[in-house]
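Below, all heavy atoms of this structure are taken into account, side chains as well, without hydrogens, waters or symmetry copies. Bear in mind that the values here come from a model prediction, so they are computed numbers and not experimental data.
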Amino acid sequence: MTSIDHALFLWINLGAGTPRFWLALARFSSLALIQWLPVVIVTLALAGSGLRRQAAWRVLASVAVAALVVHLLKPFFHVDRPFALGLGTRWLEHGADPSFPSAHAAALAAMAVAVLLTPLRWPVKVVAVALALQVSWSRVALGLHFPSDVLAAWCVGTLAALAVRWAWTRLQPRASAWWRRASLSLRGRS
């Protein structure tokens, strides 16, 4: 943790005089948005068609990998949350567990990068990145994470999405060929 990290945190963290709109936006981002995005992605993965369905599965896989990596990393980094150090204002109740890296930011970064790596249209990509940045900002604004926690999370999320894309491009043709053979085999039996 550096003095730059502390200074950036104090600059982004919402203070007592913050307009209600910004506080409501930050709370919505950290509490509601983080819960609704997976619902939308799972719905597209299960009910979508073609390109959207495949993109949703890639996004889900990227988020899952990022969440797993964060879960594995947290025990090795004992970084206190800002409020545990008496810094800034905490706007949400939260346990004093290690804050590095941010699980929320890693999941949303993985989502955004995974969407960027799909052939979806640019408006969808812009919205995905904007939502990920919004949730990442909210974690610092609400006093739950330092900027370095979020930056590390973006690195984890980006690497997770790139790893999933790499694996997907290598495994997907094999899985498709296997599925075609299995389908033909099943049709031949009926």
### Query
Is it true that a side-chain atom of Lys125 and a backbone atom of Thr118 form a donor plus acceptor pair closer than 3.5 Å?
yes
### N/O donor-acceptor pair under 3.5 Å between Thr18 side chain and Leu14 backbone
no
### Query
Counting distance only, does the side-chain N/O of Arg53 pair as donor-acceptor with the main-chain N or O of Leu46 below 3.5 Å?
yes
### Task
Report whether Phe76 and Leu159 are members of the same hydrophobic cluster (ILVMFWY, side-chain heavy atoms less than 4.5 Å apart, transitive linking).
no
### Message
Would you say the rings of Phe9 and His145 are close, in the sense that their centroids are separated by under 6.0 Å?
### Response
no
### Task
First locate atom CH2 of Trp168, then atom CH2 of Trp57, and finally report the distance between them rounded to the nearest 0.5 Å.
8.0 Å
### Query
Taking it one step at a time, do Asp149 and Arg81 satisfy side-chain contact (heavy atoms from CB on, under 4.5 Å)?
CA-CA 9 Å; Asp149 301 339; Arg81 293 187 182 269; 5.9 Å; no
### Query
For Trp137 and Ser29, does a side-chain donor sit closer than 3.5 Å to a side-chain acceptor?
no
### Query
For the hydrophobic clusters of this structure (ILVMFWY residues joined by side-chain heavy atoms under 4.5 Å, transitively), does one cluster hold both Leu85 and Leu144?
yes
### Query
Would you say Val63 and Trp166 are hydrophobically clustered, going by side-chain heavy atoms of ILVMFWY under 4.5 Å?
no
### Audit row: Leu117, Arg58, side-chain contact (heavy atoms from CB on, under 4.5 Å) steps and yes/no
CA-CA 9 Å; Leu117 295 172; Arg58 276 179 158 175; 5.5 Å; no
### Message
Quick check: closest heavy atoms across Phe83 and Gly143, and the distance to 0.1 Å?
### Response
CD2-O, 3.5 Å
### Query
Would you say Asp80 and Phe146 make side-chain contact, with heavy atoms under 4.5 Å?
no
### Query
Are there more than 12 heavy atoms of other residues, nucleotides or ligands under 6.0 Å from atom CD1 of Ile4?
no
### Distance-only donor-acceptor check, side chains Ser30 and Ser138, under 3.5 Å
yes
### Query
In terms of hydrophobic clusters joined by side-chain contacts under 4.5 Å, are Leu131 and Leu120 together?
yes
### Query
Hey, quick one: are Val127 and Val59 part of the same hydrophobic cluster, counting side-chain heavy atoms closer than 4.5 Å, chains of contacts allowed?
yes
